[in-house]
Amino acid sequence: MKRVLMDIDTNLFRLALLENGEPVEFYVERKQTESLVGNVYAGRVETVVPNLQAAFVDIGTGKNGYLYYGNTRAASGVEKENRPKAGDTLVVQVEKDAVGTKGAVLTRNISFAGKFLALLPNEGGEIGVSRKITNEGERRRMQEIMEELLPSDCGAIVRTNGAGRSKEEFQKELESLLQKWQSVKQAEYRKAPALLWQENIPVLKAARDFYSADLDSVVVNDKETYELLAATGDFSGEGQPKLELYEEKTPLFASFYAESKLEKALSQKVWLKSGGYLVIEPTEALTVIDVNSGKYIGKKAARDTFRLINAEAAVEIARQLRLRNLSGIILVDFINMERKEDEKELMHLLALELKKDPIKAAVIDMTPLGLVELTRKKVRKPLREQMAAGRAEEG
């Protein structure tokens, strides 16, 4: 059973994704600090740093965004020499939100995401299919549909949720995405800095991002939001998830036992069933995770004990990265193992668990000091920052 909870308050939006009753993702957003990811701006270049192949761009949010202009995808009509100059006006899109003292990460490769595909304006001929769709016949079918439907100057990437969708469903979504692009083109000559396109309001954006073929239901505690989601037509057809309006007196998150688990998701220490535990220390530069044997008391030999705890830790670490939305560089100090085959087995298990994450995550290597290095793509702010922003405003 896969269920999304949407808890709506006056200024607060909280979301929990539950799988078999257990939260696997949390998302918290306030109107005052809502995500800018997906917004398109006419930005003014303030500074160019050639050594970094980067520019700092004023998009009107009070903090200059960071634009890397090196090694960009070639697009029709775009000059090979891609270096901007101070004072230039560029159409840019927010790729990652500002974190700490760093401004938002920007890109000139504009894209518009739907539930089933992402539109790539000005990239004619580029058609991709999610790697998670492995059936070659299905991949060819979707490639052919996109070749038929796409305008010659646009490209597209079919998302994982596109598997099994009909030509009519793709056409309907494509028309909607093309309308967004037309809105941007009509506004791109406004004086910079200016917002050209604002991504969907949080509930609609969340509904799109968490919509999947195996989603059973979306439960909402706000009637206006319920009606807004119902109007999309994404919850009324055969094979679509069920949309439910929650009207009980018990708070929504408390009713599904998500409230207490949200607080636990901010704890430094995470206990394992074996009695071992993790210590998770996020910093601005990276996240460090330490694996400890803790209260484990067993009759197994030391080798088997360490293998058991490390294996349990690997599964839990992959879960915690997604639950807390930790990203960037992650260093894990597993319990030392003497045999190389045990280390290889552990690395393989960890890689398999990370593949379950919808956000790209990977095992890089084990350092000479025995630390396992992971990376996870930065998309939204870590959960602790989302929560801290909300609490600061309440205070």
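Keep in mind the model is a prediction, meaning the values are calculated, not measured.
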Given 3.5 Å as the limit, does a donor-acceptor pair link the side chain of [X] with the main chain of [Y], or not?
X      : Y      : answer
Ser267 : Lys264 : yes
Arg139 : Ile133 : yes
Asn20  : Met1   : yes
Arg159 : Ala118 : no
Arg376 : Leu326 : yes
Gln386 : Lys381 : yes
Arg44  : Ala192 : yes

Taking the basic N atoms (NZ, or NE/NH1/NH2) and the acidic carboxylate oxygens, is any pair closer than 4.0 Å for [X] and [Y]?
X      : Y      : result
Glu169 : Arg165 : yes
Arg339 : Glu345 : no
Glu22  : Lys261 : yes
Glu138 : Arg141 : yes
Lys340 : Glu343 : yes
Lys172 : Glu175 : no

To the closest 0.5 Å, what do you measure between [atom1] ([X]) and [atom2] ([Y])?
X      : Y      : atom1 : atom2 : result
Asn161 : Tyr211 : CG    : OH    : 8.5 Å
Ile289 : Ile280 : CD1   : CD1   : 5.0 Å
Asn39  : Glu95  : CG    : CD    : 13.5 Å
Asp222 : Leu252 : CG    : CG    : 11.0 Å
Lys223 : Ile8   : NZ    : CD1   : 15.5 Å
Leu5   : Phe210 : CG    : CZ    : 11.0 Å

I'd like to check [X] versus [Y] (side-chain heavy atoms, cut-off strictly below 4.5 Å). Are they in contact?
X      : Y      : value
Leu229 : Asp234 : no
Gln93  : Trp197 : no
Met337 : Arg307 : yes
Thr375 : Lys360 : no
Pro251 : Tyr246 : no
Leu383 : Val28  : yes
Leu90  : Leu106 : no
Ile364 : Ile329 : no

Which heavy atom of [X] sits nearest a heavy atom of [Y], and at what distance?
X      : Y      : result
Leu323 : Glu25  : CD1-N, 4.0 Å
Val291 : Asn310 : CG1-OD1, 3.9 Å
Leu195 : Arg190 : O-NH1, 3.0 Å
Pro241 : Ser217 : CB-N, 4.2 Å
Glu173 : Phe116 : OE2-N, 2.7 Å
Ile317 : Leu374 : CG2-CD1, 4.3 Å

Checking Ser111 against Ile157 for the side-chain contact (heavy atoms from CB on, under 4.5 Å) test, could you report, in this order, the C-alpha distance in whole Å, the side-chain angles of both residues, the deciding distance, and whether it holds? CA-CA 10 Å; Ser111 65; Ile157 298 174; over 6 Å; no
State, without any angle test, whether Glu312 and Ser274 hold a side-chain donor-acceptor pair at a distance under 3.5 Å.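 Side chains of Glu312 and Ser274: pair found under 3.5 Å.
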Assess the side chains of Tyr41 and Thr61: does a donor N or O sit below 3.5 Å from an acceptor N or O?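 Distance-only check fails for Tyr41 and Thr61.
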Under the criterion side-chain contact (heavy atoms from CB on, under 4.5 Å), I'd like the reasoning laid out for Met6 against Phe13: C-alpha separation, chi angles, the key distance, then a yes or no. CA-CA 7 Å; Met6 290 189 179; Phe13 169 52; 4.0 Å; yes
So, is the end of the Lys180 side chain (NZ or CZ) under 6.0 Å from the ring centre of Phe112 and within 45° of the ring's axis? no
Does the cation-pi check pass for Arg3 over Phe256, that is, NZ or CZ under 6.0 Å from the six-membered ring centre and within 45° of its axis? no
Show your working on side-chain contact (heavy atoms from CB on, under 4.5 Å) between Thr283 and Val288 and close with a plain yes or no. CA-CA 8 Å; Thr283 70; Val288 178; 5.9 Å; no
